[in-house]
Number of protein chains: 2
Amino acid sequence: MNKVTDDLHHASQDCGSCPIRHRAVCARCDSDELERLEEIKYYRSFEAGQTVIWSGDRMDFVGSVVSGIASLTQTMEDGRTQMVGLLLPSDFVGRPGRLSAAYDVVATTDLVMCCFRKKPFEAMMLETPHIAQRLLEMTLDELDAAREWMLVLGRKTAREKIASLLSIIARRDASLKLNGTQGPLVFDLPLTREAMADYLGLTLETVSRQMSALKRDGVIRLEGKRHVTIPDFTRLMTEAGDDNDGGMMA
Amino acid sequence: MNKVTDDLHHASQDCGSCPIRHRAVCARCDSDELERLEEIKYYRSFEAGQTVIWSGDRMDFVGSVVSGIASLTQTMEDGRTQMVGLLLPSDFVGRPGRLSAAYDVVATTDLVMCCFRKKPFEAMMLETPHIAQRLLEMTLDELDAAREWMLVLGRKTAREKIASLLSIIARRDASLKLNGTQGPLVFDLPLTREAMADYLGLTLETVSRQMSALKRDGVIRLEGKRHVTIPDFTRLMTEAGDDNDGGMMA
DNA sequence: GGGCCTCCTTGACCCAGATCAAGCGCGAAT
DNA sequence: ATTCGCGCTTGATCTGGGTCAAGGAGGCCC
């Protein structure tokens with residue numbers, strides 16, 4: 001069983017045919033809808049580094065991530081880039097109504113997406129209000145996440161930025177694994193230092209320095225470059241400058 | 001006729017009862033829906049500086065701005081604040097599903113809002129798919145705008161940030177007035193230097209300095225502190241670092 | 001094993017923008 | 001008319017993070 005097949009197998013267990021989220025999250029799909037969605041869906045896989053969508057491309061599909069990670073980035077003419085969102089498994093991408101994408105979508109790791117051709121998907125959305133409803137809620141969540149990220153970009157120091165990113169990834173990772181948050185959190189960073197820098201509005205050197213500093217101060221432990229252990233999540237949150245509430249992702 | 005009455009008059013001309021946008025924008029409301037919306041709507045007015053919603057407040061209404069400007073801001077414990085969006089006339093605020101607001105909404109100028117109690121509005125949304133549809137599109141637009149702003153916050157210089165903000169306000173202002181963009185654009189800044197700084201992730205001193213610099217370099221003209229003339233919009237766009245496309249607001 | 005990637009770390013220096021501080025302009029209150 | 005206060009401007013100085021530069025650590029292919 002190769003990688004892609006394995007992913008599809010995994011997908012059929014976890015995500016079923018629900019276009020919106022894992023079945024566990026979206027319990028409202030009835031079998032008629034699933035059948036109709038089945039007819040218009042297909043899978044696409046990408047290698048790490050491959051571009052899924054160029055900004056300005058005609059978007060003739062919508063879909064959700066089955067496995068792997070993709071990033072949304074905006075680029076200026078002179079090459080400065082800013083990552084504006086992360087797509088983790090179960091995240092949705094694409095929009096009704098507009099033809100062209102506003103930003104690049106790039107596979108950060110090997111990636112499998114579950115896609116739906118746009119026209120039939122839109123038609124279905126008009127007939128089944130709760131899909132539009134669910135999509136609206138997800139989009140509002142992403143909007144909140146994007147706005148929270150604006151606070152990170154606009155007002156936080158480099159150290160706080162790193163801590164914010166780590167806490168978001170850790171939280172998201174923990175929720176995918178359905179662990180509670182008790183005990184030390186352990187995960188692999190899905191991003192290179194450069195990608196982290198692009199997300200945080202920093203340079204990769206600064207990311208590296210601050211990671212070293214957080215390690216030196218015992219806020220995180222690092223094995224190799226990617227494997228992270230967070231002994232005390234509360235401590236990390238304090239470092240991130242959010243002493244109470246948490247953030248989400250897009 | 002006092003200010004508020006005048007605003008309501010203006011509203012009934014421009015915005016009708018459409019909860020979503022000005023009638024000109026949303027042509028899909030039929031009279032049945034308008035009548036039902038009429039039953040659940042009410043107006044609220046606020047003075048400049050008043051808080052419309054505290055973050056964490058129970059949100060028992062949704063609504064749109066009739067006149068005036070409000071800002072969405074997030075605040076850290078130590079007082080650092082970041083504006084994460086602007087609400088201009090016709091913009092919608094509030095969300096189905098979630099009870100508490102994620103950020104403060106503060107009236108920047110005197111403000112009139114057209115509100116709908118949440119429960120009946122949600123009920124109506126479930127029955128009339130195209131309202132949910134329209135709301136979804138608007139939310140996606142705001143998401144795109146928020147993400148574009150992330151590029152501004154993360155990667156642009158102070159001068160570029162100021163130019164970006166001015167170009168957004170100018171564009172938005174021009175579209176409200178239904179002017180074309182030919183000829184010099186003239187408008188009043190609806191924000192103090194401090195509010196601009198909060199939006200741009202800068203200090204008010206830097207905002208002031210860069211405004212002076214743009215004035216000195218002939219990119220803008222200033223009469224008093226607020227009245228701005230933009231002789232050459234293309235020039236402003238170049239200063240902002242977006243040489244081709246444009247941004248939107250939330 | 002050795003060469004050669006790519007990703008990461010660390011150091012030295014510099015500069016854009018923050019911070020601290022002084023003062024201006026103008027409308028409102030007395 | 002004077003004073004007050006707020007929003008803004010401008011100057012002087014400081015500093016966090018950018019920039020430039022020099023390696024280090026795996027991983028992979030020959």
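Each chain gets a letter, A, B and so on, in the order its sequence line appears, and its residues count up from 1.
In this structure, the CZ atom of A:Arg155 is 13 Å from the P atom of C:dG17, given to the nearest Å. Regarding B:Arg80, its CZ atom lies at a distance of 13 Å from the P atom of D:dG16, rounded to whole Å. To the nearest angstrom, P of D:dA25 lies 15 Å from CG of A:Leu222. Computed from coordinates, the A:Asp78 CG to D:dG18 P distance equals 15 Å when rounded to whole Å. The interatomic distance linking B:Arg226 (CZ) with D:dT9 (P) rounds to 10 Å, in whole Å. Rounded to whole angstrom, the span from the CE atom of A:Met211 across to the P atom of D:dA25 amounts to 18 Å. Taking atom NZ on B:Lys215 and atom C1' on D:dT9, their separation rounds to 10 Å, with Å as the unit. Between the CG atom of A:Leu204 and the C1' atom of C:dT6 there is a distance of 12 Å, given to the nearest Å.
Counting non-hydrogen atoms under 4.0 angstrom, A:Leu202 reaches the backbone sugars and phosphates but no base. Note on B:Gly201: only backbone sugar-phosphate atoms sit closer than 4.0 angstrom, heavy atoms only; bases stay farther off.
Projected onto DNA chain D by closest heavy-atom contact, B:Gly224 and A:Arg159 fall at different nucleotides, the more 5' of which corresponds to B:Gly224. Residues A:Val207 and B:Glu194 both approach DNA chain D. Their nearest nucleotides, taken by heavy-atom distance, put B:Glu194 toward the 5′ side. With the nearest nucleotide of DNA chain C identified for both A:Ser212 and B:Gln210, A:Ser212 has the one nearer the 5' end.
Side-chain proximity of B:Arg193 to the nucleotides D:dG11, C:dA18, D:dT9 is greatest for D:dT9. With D:dG17, C:dA18, C:dC8 as the choices, the nucleotide that has an atom nearest any side-chain atom of A:Thr192 turns out to be C:dC8. Here the side chain of A:Thr206 is nearest to one of D:dG17, C:dA18, C:dG17, namely D:dG17.
Evaluation of atom-type donor-acceptor distances gives a pair under 3.5 Å for the side chain of B:Glu205 against the base of C:dC20. Between the base of C:dT19 and the side chain of B:Arg209 there is a donor-acceptor pair shorter than 3.5 Å. Taking only distance into account, the side chain of A:Lys225 meets the base of C:dC7 through a donor-acceptor pair shorter than 3.5 Å. In terms of polar N and O atoms assigned as donor or acceptor, the side chain of A:Arg216 never comes within less than 3.5 Å of the base of C:dT10 in a complementary pairing.
Contact check, B:Thr203 against C:dA18: a side-chain N or O comes under 4.0 Å of OP1 or OP2. Within the 4.0 Å cut-off from OP1 or OP2 of D:dC8, not a single side-chain nitrogen or oxygen of B:Ser208 is found.
A salt bridge links A:Asp141 with B:Arg95: at least one charged nitrogen is closer than 4.0 Å to a carboxylate oxygen. In summary, B:Glu142 and A:Arg147 engage in a salt bridge, as defined by a charged side-chain N under 4.0 Å from a carboxylate O. Ion pairing between a basic and an acidic side chain is recognised when a charged N comes within 4.0 Å of a carboxylate O; B:Arg80 and A:Glu160 show such pairing. A salt bridge does not link A:Asp188 to A:Lys225: none of the charged nitrogens lies less than 4.0 Å from a carboxylate oxygen. The pair B:Glu205-B:Arg209 does not count as a salt bridge, with every side-chain nitrogen at least 4.0 angstrom from each carboxylate oxygen. Ionic pairing of B:Lys156 and B:Asp242 is present here: one or more N-O contacts between side-chain nitrogen and carboxylate oxygen are shorter than 4.0 angstrom.
Of the N and O atoms on the side chains of A:Thr206 and A:Thr203, at least one donor lies less than 3.5 Å from an acceptor on the other residue.
The side-chain tip of B:Arg44 points at the ring of B:Phe61 from less than 6.0 angstrom away and within 45° of straight on.
Note that the two end axes of the helix from C:dG1-D:dC30 to C:dT30-D:dA1 enclose an angle of 30°, each drawn from 5 base pairs, rounded to 10 degrees.
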